[in-house]
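What follows is a set of notes on a single structure, which appears directly below.
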There are 2 protein chains.
Amino acid sequence: MTQPKSRRDQIYEVAGALFSERGYHATSMRDLASQLGMQGGSLYAHISGKEELLVELVNQAAAQFDAALMPLRAENLTPEQKLREAMRRHIEVVAHNLESATVFFHEWKHLSPDAYRKVTEWRDTIDALYRDLVREGIDRGVFRADLDVKMTAYLLLSAVNWTYTWYRPGGPLTAAQIADQFAVMLLDGLRA
Amino acid sequence: MTQPKSRRDQIYEVAGALFSERGYHATSMRDLASQLGMQGGSLYAHISGKEELLVELVNQAAAQFDAALMPLRAENLTPEQKLREAMRRHIEVVAHNLESATVFFHEWKHLSPDAYRKVTEWRDTIDALYRDLVREGIDRGVFRADLDVKMTAYLLLSAVNWTYTWYRPGGPLTAAQIADQFAVMLLDGLRA
DNA sequence: ACTATCCGTATGAGCGTTCGTTTGGTTCAC
DNA sequence: GTGAACCAAACGAACGCTCATACGGATAGT
């Protein structure tokens, strides 16, 4: 019952694969077209330009992160549950959108000024989410009172963001299992 | 007594700045030359080509990491001291070579096949170092026995590698202080 | 049922520009 | 007068993108 993928969607799909693998500037429109069995010029019957592809892929990833993480603020969970849930959803977004997530983390600097600014602002909201999450945990006495909120948030974000560099589908662990392992190590520490 | 910087060194310095800021493919030889007050073609009196710049910057970063981390294997420290020391040195290399480290982490995929392979092999040795470090801690009973060695190493590497994305010189914390904070959080956990 | 029209998709030549790099000649300190 | 450093110009290739054109299938008019 699923509609056959439109040519336009195919283009975005292949663009995601190529941009994530080779990078935005190292991928030519002719490269992209030839992977789709067409000529370079034919792409412009479907899209307005190369940058649109990048913008779309980055927005797509950002939307996934937003949809997964933002509702957390309103959910009625303990700070520890929130932290676990945030990491779990964050890593799941990376794992289930590996290509666009890679483009997002790696190529956003090449966006035009407007889109560039939007991404930096978005990043700030995610930073704020993790910091609030840590702060809430400290205030409620669940996390250690001597934590530096900013550094703690950086540590958490490191763990979840860096996954795009090494996670590959088909590995032994699901995204949720990875997140759980990270959460256990981070909450209880490595010490015996 | 310090020798005045050779033109060649100036080129590498500016290349590091531009490659880390804009990316390798988004930086043209003319961009680079104009920042040095010369014409594009004049660069070739000093260097053999654009790729040489990338190779050199990447090798420079790799050498710094090697010099800082590899001796750790032979040093007579407890597993916990080794972990702290590894993180500390790792982050210090990033912080003190921010531009070449950024180029290293971000642009290594654009190297020619030979240099590309060398980098992947190098990354494996660093992975192995961190895994051995974790394993040693488990074997000696200092770290929890239920740790997944690979995941633990990923977590540690996430923390130290991701620093290049947010660390900026002149911030409130030194590299060593950042490493110490990370080590404390990772060893003892976030839980109160 | 036949024809005319249109639309989505693709071609392939080619636009102007920029790329990395080469070349020949000039300047100038030693 | 030799050599290092640089310029100005140009090379061929590749870039993103445009355009005139063509073809096939749906739609509509008669």
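All figures in this text were calculated on a predicted structure; none of them were measured in a lab. Convention: sequence-line order gives letters A, B, ...; per-chain numbering from 1.
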*asked:* Expressed as a whole number of angstroms, how long is the span from B/Lys50:NZ to C/dT18:P?
replied: 15 Å

*Atom-to-atom span, CG of A/Leu53 to P of D/dG16 - whole angstrom*: 11 Å

*Distance in Å, B/Ser158 OG paired with A/Leu156 CG, rounded so as to fall on 0.5 Å steps*: 11.5 Å

*B/Arg30 has an atom CZ; how far is it from atom P of D/dA9, in whole Å?*
13 Å

*Go through the side-chain N and O atoms of B/His46 and B/Tyr12 and say whether any donor and acceptor fall under 3.5 Å apart.*
no

*Rounded to the nearest Å, what distance is computed from the CD atom of residue A/Gln10 to the C1' atom of nucleotide C/dT9?*
12 Å

*Specify the separation, in whole Å, of atom CG of A/Asp31 and atom C1' of D/dA14.*
11 Å

*Hey, is the side chain of B/Arg7 poking within less than 4.0 Å of OP1 or OP2 on D/dC6, counting only N and O atoms?*
yes

*Is the distance from OP1 or OP2 of D/dC6 to the nearest side-chain N or O of B/His46 less than 4.0 Å?*
yes

*Determine: side-chain N/O of A/Tyr44 to OP1/OP2 of D/dT18, distance under 4.0 Å, yes or no.*
no

_Side chain of A/Ser42 - closest among C/dA10, D/dC7, D/dC17_ = C/dA10

*asked:* So A/Gly40, base contact, sugar-phosphate only, or nothing? Heavy-atom distance under 4.0 Å.
replied: nothing

*How long is the line joining CD1 of A/Ile47 and P of C/dT9, in whole Å?*
13 Å

_Going by the rule side chain to side chain donor-acceptor pair (under 3.5 Å), which residues pair with A/Asp146 if we only count those two or more places apart in sequence or in a different chain?_
A/Arg144

*Calculate the interatomic distance between B/Leu32 atom CG and C/dT18 atom P; express it in whole Å.*
18 Å

*NA contact type, A/Ser48, heavy-atom cut-off 4.0 Å: base, sugar-phosphate, or nothing?*
nothing

*Which nucleotide in the list C/dA10, C/dG12, D/dC7 gets nearest to the side chain of A/Gln39?*
C/dG12

*Round to the nearest Å and state the distance from B/Glu52 atom CD to C/dG20 atom C1'.*
14 Å

*Is any side-chain N or O of B/Ser28 closer than 4.0 Å to OP1 or OP2 of C/dC19?*
yes

*Listed partners of B/Thr125 passing side chain to side chain donor-acceptor pair (under 3.5 Å), at least two apart*: none

_Minimum-distance nucleotide (side-chain atoms of B/Ala45 versus C/dA10, D/dA8, D/dC6)_ = D/dC6

_For the residue pair B/Gln10 / B/Arg7, report whether a side-chain donor-acceptor contact shorter than 3.5 Å exists._
yes

_Minimum-distance nucleotide to B/Met38 side chain [options: D/dC7, D/dC17, C/dT21]_ = D/dC7

*What is the nucleic acid contact for B/Gly41, judged by heavy atoms within less than 4.0 Å: base, sugar-phosphate only, or nothing?*
base

*Do the side-chain N or O atoms of B/His25 get closer than 4.0 angstrom to the phosphate oxygens (OP1, OP2) of C/dC19?*
no

